[in-house]
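In this text the structure is predicted, and so the values were computed from the model without any measurement. When reading the values below, keep in mind they use all heavy atoms of this one structure, side chains included, and skip hydrogens, waters and symmetry mates.
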Amino acid sequence: MSENEKPYNVDLIIKKCDSIENKAELINYISQILEEKKKDFLYQLYALTKKDFIIKTLEKTLNIMNSGGMVKLDDNKNKRSIGGTFIYLVKTSDSINEDLIKKIFWRNNKKKKMKRKFYKSLDKLDINTENKLQ
């Protein structure tokens, strides 16, 4: 583990997760650990799976990060972030089927598609602000 990577106290983090009963508190705590600003995915995951699944996946993620991290599939040089590792483990889990994975990531995929459509629409528009201002 390099100097920049911090070891995670897995037992302490998992005990704290187990003790949190409030969904919003748990999501906030996990999002801080995963360094994820977008919590929609975690709320969707919580709604469609059990709390235990999220905590077990978090535990696997922390153990992987403590043992050096996970390399990206398309790039053997760079490693996944802690959030990227967590999402990868969710997507490749044997505990949930493909339909459930689609439901979990549906909202995020829909936002991406809408964003692409928006930018394509902007590209089609002829916006030349310099000429219009003169």
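Side-chain atoms of I96 and V90, non-hydrogen and from C-beta on, do get closer than 4.5 Å to each other. For the pair T61 and I33, the minimum side-chain heavy-atom distance is 4.5 Å or more. Side-chain contact between N97 and I101 is absent, with no heavy-atom pair separated by less than 4.5 Å. Counting only heavy atoms from C-beta outward, the side chains of N9 and D11 approach each other to under 4.5 Å. Put simply, the side chain of L58 does not reach to within 4.5 Å of the side chain of Y29, judged on heavy atoms. Between I54 and F86 there is a side-chain heavy-atom pair separated by less than 4.5 Å. Using a 4.5 Å cut-off on side-chain heavy atoms (C-beta onward), L34 and L42 make contact.
Remark: the backbone N or O of G68 is paired with a side-chain donor or acceptor of K79 at under 3.5 angstrom. Between the N66 side chain and the Y8 main chain, a donor and an acceptor come within less than 3.5 Å of each other.
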Full working for side chain to side chain contact (heavy atoms under 4.5 Å, CB included) between S93 and T57: CA-CA 9 Å; S93 173; T57 306; 5.7 Å; no

Chi angles and distances behind the side chain to side chain contact (heavy atoms under 4.5 Å, CB included) call for E36, F41: CA-CA 10 Å; E36 278 293 322; F41 158 72; over 6 Å; no

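Here the OG atom belonging to S81 is positioned 11.0 Å from the CE atom belonging to M70, to the nearest 0.5 angstrom.
Cation-pi geometry between K51 and Y46 is not met at under 6.0 angstrom from the ring centre and within 45 degrees of the axis.
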